[in-house]
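Can you keep this structure in mind? I'll have questions shortly.
Only heavy atoms go into these numbers, but all of them, side chains included; no hydrogens, no water, no symmetry mates. All ligand and atom numbering here is 1-based and tracks the order in the structure. Small disclaimer: the values here were computed from a predicted structure and weren't measured.
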Amino acid sequence: MQAREVLEISKIIPVITIDDLKTSIDLAQALAKGGIKILEITLRTKEALEAINLISQEMPDIIVGAGTILNAKMLEQAKNAGAKFAISPGLNAIFAKEAKAIDLPLIPGVTTAGELMLALEFDLKNLKFFPAESSGGIQTLKSFLAPFSSVKFCPTGGINLNNIKEYLTLKNVACVGGSWLTPKELIINKQWDEITQIAQKSLARSQ
Ligand code: 3PG
């Protein structure tokens, strides 16, 4: 799979942090029931790699990727766990080379023109715009359109039900990502129907 295909699977990529492996399938099923087709599981907890493996095995129709990848070693761990793509908050040369070497589609985070130029040096044209809201949001993305017309973005960081529509109308935005679909409280209380409803509402708003 190519990074562009990853960004075009769905208008919405939930960013999930797994604290309890036992409920990871319930969570993924609640999202899938709401129409979600792709998940980013952040490597912020010790359960993350196992969760990527488990959900990939149990739910083959869902595309599972790894997020919060901070170094080359984590890229390899993600690939070995079965991640179909990797998302990172930022980019550097070591990292970009490693992603290419292990053939894992990388969607690195950028916020500035200089970072975009570094990404293009490595032929990376499918990028996360992170942290979106605190980096100028819609206005910054509009400014990137003319000089970086070949680039598509997945803005994350501060995205929610109230602003997804506005981001998705931009020509250089393929999809949006974020944690608003999986509030911690709802996961702890196993309120799966509520999570399904947030997913449905988000996808309806993304049309
Ligand atoms: C990410 O890792 O992409 C962001 O932390 C998601 O940001 P959010 O929590 O504001 O949605």
For residues 22-29, dump all side-chain donor-acceptor pairs below 3.5 Å to protein atoms at least two apart in sequence or in another chain.
from	atom 1	to	atom 2	distance (Å)
T23	OG1	D20	O	3.1
S24	OG	L21	O	2.7

TODO: Give the protein residues with at least one non-hydrogen atom closer than 4.0 Å to an atom of ligand 1, ordered by chain and number.
DONE: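 Protein residues near ligand 1 are V15, R44, K128, F130, T156, G157, G158, G178, S179.
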Task: Pairs meeting criterion side-chain hydrogen bond (donor to acceptor under 3.5 Å, both in side chains) with involvement of residues 197-207, two or more places apart - done: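 For residues 197-207: W180-S202.
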Task: Salt bridge flag under 4.0 Å for residues D19 and K184 - done: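 Yes, D19 and K184 are salt-bridged.
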Task: Qualifying side-chain hydrogen bond (donor to acceptor under 3.5 Å, both in side chains) pairs with a residue from residues 65-80, counting only residues at least two apart or across chains - done: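 Listed once each, the pairs are R44-T68.
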Task: Plane angle bin for F129 and F144 - parallel if under 30°, tilted between 30 and 60°, otherwise perpendicular - done: perpendicular
Task: Audit row: S135, T140, side chain to side chain donor-acceptor pair (under 3.5 Å) steps and yes/no - done: CA-CA 7 Å; S135 306; T140 303; over 6 Å; no
